[in-house]
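Working notes for the structure below.
Chain identifiers are assigned alphabetically (A, B, ...) following the order of the sequence lines, protein sequences preceding nucleic acid strands; residue numbering begins at 1 within each chain.
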There are 2 protein chains.
Amino acid sequence: MLDHITNRWGIWVLLGLRHRELRFFELRDRIEGISEKMLSQTLRQLVADNLVWRRVEATVPPQVTYGLTEFGKGAADHLGGMFDWIRLNAASMMEDCPEEAAEG
Amino acid sequence: MLDHITNRWGIWVLLGLRHRELRFFELRDRIEGISEKMLSQTLRQLVADNLVWRRVEATVPPQVTYGLTEFGKGAADHLGGMFDWIRLNAASMMEDCPEEAAEG
DNA sequence: CAGTATCCAAAATGATACTG
DNA sequence: CAGTATCATTTTGGATACTG
């Protein structure tokens with residue numbers, strides 16, 4: 001399952017759904033570069049893993065909405081935390097890395 | 001860079017180095033299923049990203065040791081935390097998921 | 001021991017067209 | 001709108017042989 005989460009697209013879907021539930025096309029629009037095929041496939045995996053839920057409204061045209069389960073929220077939280085931490089520390093790391101000298 | 005960390009093997013290398021520094025063959029042994037090619041490649045990426053350091057001792061036979069930088073330690077920590085959390089919650093999630101009913 | 005180079009197989013991805 | 005099917009391409013991974 002970690003594979004699905006850390007997949008090329010899994011991360012972005014989970015982070016994309018972090019703030020609110022989204023329709024299929026909203027996700028596709030949010031996650032730039034993703035194809036419909038990959039989005040569909042990734043979503044199916046995440047739904048199967050109980051990280052994401054799927055709600056279909058049998059209207060015309062049909063509306064399908066995706067959101068995070070409680071489990072998915074936790075995962076997205078960890079993921080987001082790590083992501084933020086990396087962005088913060090990567091910046092200061094590139095400027096100057098005094099810790100490296102302390103290693104030896 | 002997130003790609004490198006969440007790579008198929010990047011995760012396991014970072015987690016493998018979490019407790020202590022290791023030699024090349026120790027890592028290869030620890031991470032079952034990894035080939036020398038993939039290990040070498042993954043390590044080069046992580047070193048380039050400043051997540052891992054590399055120490056060469058010019059002995060015969062040569063000894064090369066890898067370990068986490070301060071930056072890498074932080075990343076491995078986040079990764080390990082998420083990993084543990086998933087393992088814990090995935091188990092209870094599969095048995096019973098009352099939160100799901102509360103969604104609708 | 002610690003790699004690198006090469007070649008090959010397998011899997012992931014993408015573009016496009018199509019369906020209900 | 002929300003997908004699925006198909007095909008071509010790209011990427012990844014592994015086995016093996018070779019080097020210092």
So, B/Asp77 and B/Arg18, do they make that salt bridge, N to O below 4.0 Å? yes
Name the closest nucleotide to the B/Arg44 side chain, picking from C/dG14, D/dG14, C/dT4. C/dT4
Taken to the nearest whole Å, CG/A/Leu39 to C1'/C/dT13 is 14 Å
Assign B/Arg8 to base, sugar-phosphate, or nothing according to its heavy-atom contacts below 4.0 angstrom with the strands shown. sugar-phosphate
Select one nucleotide: of D/dC1, D/dG13, C/dG3, the one nearest the side-chain heavy atoms of B/Trp9. D/dG13
Testing C/dG14, C/dG3, D/dG14 for proximity to the side chain of B/Lys37, the answer is D/dG14
note: A/Met38, atom CE; D/dG3, atom C1'; distance rounded to Å ~ 13 Å
Could you check whether B/Arg54 gets within reach of a base, just the sugar-phosphate, or nothing at all, counting any heavy atom under 4.0 Å? sugar-phosphate
For residues A/Trp12 and A/Ile34, determine if any side-chain heavy atom of one lies less than 4.5 Å from a side-chain heavy atom of the other. no
Separation of D/dT11 P from B/Asp3 CG (nearest whole Å): 12 Å
Would you say that more than 12 heavy atoms from the other residues, nucleotides or ligands in this model lie under 6.0 Å from the CZ of B/Arg23, or not? yes
From CZ of B/Arg28 over to C1' of C/dA2, roughly how many Å is that when rounded to an integer? 9 Å
Between C/dT6 (C1') and B/Gln41 (CD): distance, integer Å: 14 Å
Can you give me the closest heavy-atom contact between A/Met1 and B/Ile86, atom names plus distance? SD-CG2, 4.4 Å
For atom CD1 of A/Ile34 and atom P of C/dG14, their distance in whole Å: 8 Å
Nearest-Å distance for atom pair CZ/C1', residues B/Arg55 and C/dA2: 15 Å
Please confirm whether the shortest side-chain N or O distance from B/Tyr66 to OP1 or OP2 of C/dG3 is below 4.0 Å. yes
Of the listed D/dG14, D/dC1, D/dG3, the closest approach to the A/Pro61 side chain comes from D/dC1
Counting only side-chain heavy atoms from C-beta out, which of D/dG13, D/dC1, D/dG20 sits nearest to A/Arg23? D/dC1
Quick one: which of D/dA2, D/dT4, C/dG3 gets closest to the side chain of A/Ser40? D/dT4
Does atom CD of B/Glu32 have more than 12 heavy-atom neighbours, drawn from other residues, nucleotides or ligands, at distances under 6.0 Å? no
Atom-pair distance (CD on A/Glu26; P on D/dG3), nearest Å: 13 Å
Identity of whatever pairs with D/dG3 - Watson-Crick or G-U, under 3.5 angstrom: C/dC18
